[in-house]
Amino acid sequence: DKKETTVKIPVPRLLKLVTGEQIIAGMYVTEGSDFIRLSDPYKVDLYNDDMSGDTYYVEERMALRPWIFQGTDKIYSIHKNNIMTLGVPTNTLKDYYNNVRLNYTKTLEPIIKKKAKEDSMNKLLNDMSDDDYFETLEYLKGNKTKH
């Protein structure tokens, strides 16, 4: 007769702190306490991504980073006076958060390698003459055989 224990994972919430930081985390509230416990808090960083040197628009991107970098704790306490407002994240952000949270340590290295590979491929394409570029494009699409 096995005894089953279930761990309740809190629903992720968005918090805007008085410092201006935006955090996504699971929240535990204890009645009568002035402190709120944040489970797996990640900081929502917005940054402008200049597509490349010769484009005329800037895309706003978002990254989730551990709120306390390299911390070993899963739960952090914060006084409720430090919270300006609370919100519910979109499903997209919630999925992204859960994915990052579960894979953060495993996927950082491959992401860096993938970016380096993409950068060198882009450099290669940028350095080609127009004729070579279009020929390579047709080849990659399967419309042409290399000679």
Side-chain angles (χ1 to χ4, degrees), residues 1-128 130 132-134 136-143:
D1 198 30
K2 276 190 276 183
K3 191 177 177 221
E4 214 175 276
T5 37
T6 55
V7 178
K8 194 172 181 291
I9 296 170
V11 180
R13 289 283 177 254
L14 282 171
L15 298 88
K16 184 79 166 196
L17 304 184
V18 291
T19 59
E21 287 177 300
Q22 190 171 319
I23 308 282
I24 183 169
M27 253 176 62
Y28 294 99
V29 182
T30 308
E31 216 173 314
S33 171
D34 285 341
F35 286 87
I36 287 170
R37 295 200 314 277
L38 302 179
S39 167
D40 273 326
Y42 275 73
K43 184 174 182 253
V44 179
D45 274 340
L46 295 178
Y47 62 95
N48 293 337
D49 187 19
D50 302 318
M51 299 308 279
S52 73
D54 50 7
T55 52
Y56 301 102
Y57 64 95
V58 172
E59 194 178 358
E60 197 166 70
R61 295 288 189 89
M62 180 206 63
L64 291 181
R65 299 196 168 83
W67 185 44
I68 307 291
F69 189 64
Q70 296 286 338
T72 54
D73 298 301
K74 277 275 185 222
I75 295 185
Y76 295 89
S77 288
I78 183 171
H79 195 279
K80 58 187 181 193
N81 288 353
N82 293 310
I83 300 168
M84 196 189 305
T85 191
L86 296 173
V88 179
T90 61
N91 286 336
T92 312
L93 180 56
K94 206 182 330 184
D95 292 346
Y96 180 46
Y97 166 69
N98 285 325
N99 194 24
V100 167
R101 196 169 57 86
L102 300 169
N103 296 316
Y104 188 75
T105 47
K106 288 182 284 204
T107 57
L108 211 55
E109 206 47 47
I111 287 169
I112 293 166
K113 283 194 184 110
K114 182 173 176 274
K115 177 148 178 38
K117 196 188 286 180
E118 282 171 6
D119 287 350
S120 65
M121 181 63 176
N122 287 336
K123 187 182 175 346
L124 194 73
L125 292 172
N126 285 338
D127 293 345
M128 279 183 187
D130 285 351
D132 285 345
Y133 178 82
F134 289 114
T136 303
L137 223 51
E138 289 301 301
Y139 171 71
L140 291 172
K141 287 182 197 165
N143 298 339

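Quick caveat, the model's predicted, so the values are computed rather than measured. Numbering of residues begins at 1 and proceeds along the displayed sequence.
- Side-chain contact between Leu17 and Trp67: present, with at least one pair of heavy atoms (C-beta onward) separated by less than 4.5 Å.
- Considering all non-hydrogen atoms of both residues, Pro66 and Tyr42 come closest at N-CD2, 3.5 Å.
- Between the CD1 atom in Ile78 and the CG atom in Asp34 there is a gap of 12.5 Å [rounded to 0.5 Å].
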Residues Asp45, Leu64; criterion side chain to side chain contact (heavy atoms under 4.5 Å, CB included); working and verdict: CA-CA 6 Å; Asp45 274 340; Leu64 291 181; over 6 Å; no

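- Remark: Asp95 engages no residue in a salt bridge (charged side-chain N to carboxylate O under 4.0 Å, His left out) (not counting sequence neighbours).
- Atom NZ of Lys80 and atom CG of Leu86 lie 11.0 Å apart (nearest 0.5 Å).
- Ala63 and Arg65 make their closest contact through CB-NH1, 3.7 Å (heavy atoms, listed as atom of the first residue, atom of the second, distance).
- Residues satisfying the side chain to side chain donor-acceptor pair (under 3.5 Å) test with Thr92, not counting sequence neighbours, are none.
- Rounded to the nearest 0.5 Å, atoms NE2 (His79) and CD1 (Ile36) are 9.5 Å apart.
- Pro12 approaches Pro89 most closely through the heavy-atom pair O-CD, 3.3 Å.
- With sequence neighbours left out, the side chain to side chain donor-acceptor pair (under 3.5 Å) criterion links Thr30 to Arg37.
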Derivation and outcome, side chain to side chain contact (heavy atoms under 4.5 Å, CB included), residues Val88 and Arg13: CA-CA 5 Å; Val88 179; Arg13 289 283 177 254; 3.7 Å; yes

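- Atom CD of Glu21 and atom CG of Leu15 lie 10.5 Å apart (nearest 0.5 Å).
- In this structure Lys94 satisfies the salt bridge (charged side-chain N to carboxylate O under 4.0 Å, His left out) test with no other residue, sequence neighbours excluded.
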Show, in sequence, the C-alpha distance, side-chain angles and deciding distance for Leu38 and Met27, and conclude whether the side chain to side chain contact (heavy atoms under 4.5 Å, CB included) test is met. CA-CA 5 Å; Leu38 302 179; Met27 253 176 62; 3.7 Å; yes

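- With sequence neighbours excluded, no residue forms a salt bridge (charged side-chain N to carboxylate O under 4.0 Å, His left out) with Asp73.
- Summarising the geometry of Tyr28 relative to Ser39, their closest heavy-atom pair is CE1-CB, 3.7 Å, with the distance given to 0.1 Å.
- Rounded to the nearest 0.5 angstrom, Asp40 CG and Asn98 CG are separated by 9.0 Å.
- Remark: Tyr96 engages no residue in a ring-ring contact (aromatic ring centres under 6.0 Å, His included) (not counting sequence neighbours).
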